[in-house]
Amino acid sequence: DYVRRNGLRGRIFEWGLTRADRIVVQNHDQLDLLRRNYHRSALVIKNAYHISDTPPIDKPYILWVGRAEPLKQPELFFQLVRRFPNEQFVMVAQSAVYHRHLLTQLKTQAQEIPNLKFIDYVPFSEIDNWFRQAKVFINTSDDYEGFPNTFIQSALHATPIVSLKVNPDNFINQHQCGLCADGDPGKLASSLQELLADPALRAKLGNNALNY
């Protein structure tokens, strides 16, 4: 998918992929794709972060973090925000090199949504505090990511994940770290509704994510 969607950049990536001496992937789904599409093997090294002890705090909002690019489908988050006018939402969007216009569009649209706080940049060293205060983390990306850092950052702060489609190695379901909508925007909304209506379930899935 990446090769097909990215023109010359994709072909250069494929050239390197087929000629690399060794390949590292982030999950077993990627390993299977690599074997099936390119008949190559790889070493699986999962992402890792240091766990620091942080006291529990109130979690007032629902969070989205990512680059402002079509792959991340940020417009689906806006749709979700409008469906829950009594909840507070935060979007942290970072400019993407090839889609700078999209950040401007998102910022303009966000001004029309009263229950959404839009932030166009947060340094990586400061982003953890936003995950710490989130009661749910939303991922609206299309289905080709390795293992998003945002998933780990959510888990570090016992914040359950609600993902539209991305679910590496089925970990969200297998380890009960949140809910996955299997690509269905309607199910994404109902999954969020389920967690908002059940604080005990939200806490359980958040703690499972931290344990994972």
Side-chain angles (χ1 to χ4, degrees), residues 1-14 16-17 24-27 29-30 33 45-49 61-82 88-113 116-134 136-157 159-169 171-172 177-178 180-181 183 185 188-189 192 209:
D1 286 345
Y2 181 88
V3 172
R4 285 199 300 268
R5 295 185 190 193
N6 286 276
L8 178 61
R9 189 181 181 197
R11 293 194 297 274
I12 291 171
F13 170 81
E14 186 174 51
L17 186 68
V24 175
V25 296
Q26 294 175 294
N27 61 61
D29 290 339
Q30 286 185 324
L33 284 169
I45 301 179
K46 296 189 177 184
N47 295 358
Y49 279 71
Y61 54 74
I62 296 130
L63 179 66
W64 186 101
V65 176
R67 295 186 305 279
E69 61 180 342
L71 165 67
K72 305 293 184 179
Q73 302 186 119
E75 70 282 355
L76 293 182
F77 184 67
F78 282 1
Q79 293 175 20
L80 204 61
V81 175
R82 291 187 175 97
Q88 295 302 307
F89 292 79
V90 172
M91 170 179 268
V92 180
Q94 182 174 330
S95 179
V97 174
Y98 297 99
H99 305 282
R100 295 190 188 279
H101 66 286
L102 184 54
L103 184 65
T104 303
Q105 292 176 9
L106 293 174
K107 191 183 299 187
T108 300
Q109 294 173 35
Q111 292 173 354
E112 302 172 359
I113 308 175
L116 172 64
K117 180 181 179 67
F118 184 89
I119 304 168
D120 60 9
Y121 175 70
V122 173
F124 187 78
S125 60
E126 300 174 13
I127 194 66
D128 264 19
N129 193 48
W130 291 95
F131 284 97
R132 183 170 173 244
Q133 297 180 77
V136 178
F137 175 71
I138 303 291
N139 181 286
T140 55
S141 295
D142 202 351
D143 193 24
Y144 60 101
E145 294 199 29
F147 198 109
N149 284 325
T150 53
F151 282 5
I152 302 176
Q153 291 164 309
S154 298
L156 280 171
H157 299 290
T159 298
I161 299 159
V162 173
S163 175
L164 173 68
K165 197 171 182 182
V166 176
N167 189 9
D169 294 341
F171 90 100
I172 293 176
C177 298
C180 183
L188 183 74
L192 177 58

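In this text the structure is predicted, and so the values were computed from the model without any measurement.
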Smallest separation among heavy atoms of Phe89 and Leu80, with atom names: CZ-O, 4.2 Å
Taking every non-hydrogen atom, the tightest pair across Val162 and Leu192: CG1-N, 4.4 Å
Evaluation steps, side-chain contact (heavy atoms from CB on, under 4.5 Å), between Leu76 and Gln79: CA-CA 5 Å; Leu76 293 182; Gln79 293 175 20; 3.7 Å; yes
Gap between atom CZ of Phe131 and atom CZ of Phe137 - 0.5 Å precision: 5.0 Å
Residues Trp130, Val65; criterion side-chain contact (heavy atoms from CB on, under 4.5 Å); working and verdict: CA-CA 9 Å; Trp130 291 95; Val65 176; 5.6 Å; no
Side-chain heavy atoms of Gln26 within contact of Asn47, under 4.5 Å: yes
Min side-chain heavy-atom separation Val90-Trp64 under 4.5 Å: no
Straight-line distance of Leu71 CG to Asp1 CG, nearest 0.5 Å: 10.0 Å
Nearest non-hydrogen partners of Ala209 and Ala155, listed with the distance: O-CB, 3.3 Å
Expected list for residues 119-129: side-chain donor-acceptor pairs under 3.5 angstrom, two or more places apart:
residue, atom, partner, partner atom, Å
Asp120, OD2, Lys107, NZ, 2.7

Nearest non-hydrogen partners of Arg67 and Lys72, listed with the distance: O-CG, 3.1 Å
pair Met91-Leu116: side-chain heavy atoms closer than 4.5 Å: yes
Test item: Pro148 and Pro168 side chains (from C-beta on) under 4.5 Å apart, heavy atoms: yes
Gap separating the CG atom of Leu63 from the OG atom of Ser154, nearest 0.5 angstrom: 7.0 Å
Audit row: Tyr61, Lys117, side-chain contact (heavy atoms from CB on, under 4.5 Å) steps and yes/no: CA-CA 10 Å; Tyr61 54 74; Lys117 180 181 179 67; over 6 Å; no
Minimal non-hydrogen separation, Gln153 against His157, with atom names: O-CD2, 3.2 Å
Distance in Å, Gln73 CD paired with Asn139 CG, rounded so as to fall on 0.5 Å steps: 9.5 Å
Polar side-chain atom of Thr140 near backbone of Phe77 as donor-acceptor pair, under 3.5 Å: no
Note, Cys177 side chain near Phe151 side chain (heavy atom, < 4.5 Å): no
Side chain to side chain, Phe118 and Ile113, heavy atoms closer than 4.5 Å: no
Distance-minimising heavy-atom pair for Ile172 and Ser163: CD1-CB, 3.8 Å
pair Asn6-Phe13: side-chain heavy atoms closer than 4.5 Å: no
Ser141: which of Thr150, Leu164, Val166 passes side chain to side chain contact (heavy atoms under 4.5 Å, CB included): Val166
Inter-residue atom distance Tyr2.OH - Asp142.CG, 0.5 Å rounding: 14.0 Å
Nearest-0.5 Å distance that lies between atom CG in Asn167 and atom SG in Cys180: 4.5 Å
Residue pair Phe171 / Ile161, side-chain heavy-atom distance below 4.5 Å: yes
